[in-house]
Chemist: 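One structure follows; several queries about it will come next.
Because the structure is predicted, anything quoted here is derived from the model rather than measured.
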Amino acid sequence: MSMPTAKQKYWSEQLLLAESFEGSLTQYAQTQNVPVQSLYYWRSYFKRAVVEPKTKPLFTQVVNASVTNVCLKLQIGKTQIQFTQLPDPQWLSEFIAASHTS
């Protein structure tokens, strides 16, 4: 997988901010003075970039963390991500699929 370009990073960040924005995508675009069609284009672009695995889905072991406020810990190689609450299932599925394509 190649490194993202500056433009891809910019639009990825914009989409993350838009996702956490209280209003609609159109309202977010207006507040940021960016064309809403660009947001729709890049959202579609990134969805297409996530390649569906052609093999059986891969599962990872879920480990009960020793810290009491962690409900989920993902470990990929030497990297660990800990969650205090369960993430969105769709996001988690896409994250795991993307981590196996790198």
Chemist: Where is the tightest heavy-atom contact between V34 and L39, given as atom of each residue plus distance?
Modeler: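 That closest heavy-atom pairing would be CG2-CD1, 4.1 Å.
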Chemist: Determine whether a donor-acceptor pair (N or O, by modelled atom type, separation under 3.5 Å) exists between the side chain of Q27 and the backbone of S24.
Modeler: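 Present.
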Chemist: Kindly give the heavy-atom pair with the smallest separation between P35 and A29, and that separation in Å.
Modeler: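 Scanning both residues, the minimum pair turns out to be C-CB, 4.4 Å.
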Chemist: To the nearest 0.5 Å, what is the distance between NZ on K7 and OH on Y10?
Modeler: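 Going from NZ on K7 over to OH on Y10, the span is 11.0 Å.
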Chemist: First locate atom CH2 of W11, then atom CG of L16, and finally report the distance between them rounded to the nearest 0.5 Å.
Modeler: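 Between W11 CH2 and L16 CG, I get 13.0 Å after rounding to 0.5 Å.
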Chemist: Can you list everything that forms a side-chain hydrogen bond (donor to acceptor under 3.5 Å, both in side chains) with E94? Sequence neighbours excluded, please.
Modeler: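 For E94, the residues satisfying side-chain hydrogen bond (donor to acceptor under 3.5 Å, both in side chains) (neighbours in sequence not counted) are Q90.
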Chemist: Using the test ring pair (Phe, Tyr, Trp, His ring centres under 6.0 Å), find all partners of F21 that sit at least two apart in sequence or belong to another chain.
Modeler: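 Here the qualifying residues are Y28.
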Chemist: Ignoring hydrogens, what is the shortest heavy-atom contact between A18 and L25? Give both atom names and the distance.
Modeler: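 Answer, listing the atom of A18 first, then L25: CB-CD1, 3.7 Å.
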Chemist: On the 0 to 90° scale, with breaks at 30° and 60°, tag the Y45-W42 ring pair as parallel, tilted or perpendicular.
Modeler: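 The rings of Y45 and W42 stand perpendicular, inter-plane angle above 60°.
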Chemist: Are there over 12 heavy-atom neighbours, none belonging to Q32, within less than 6.0 Å of that residue's CD?
Modeler: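 Enclosed: over 12 neighbouring heavy atoms sit under 6.0 Å from CD of Q32.
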Chemist: Using 0.5 Å steps for rounding, measure from the CD atom of E19 to the CD atom of Q14.
Modeler: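 CD of Q14 is found 13.0 Å from CD of E19.
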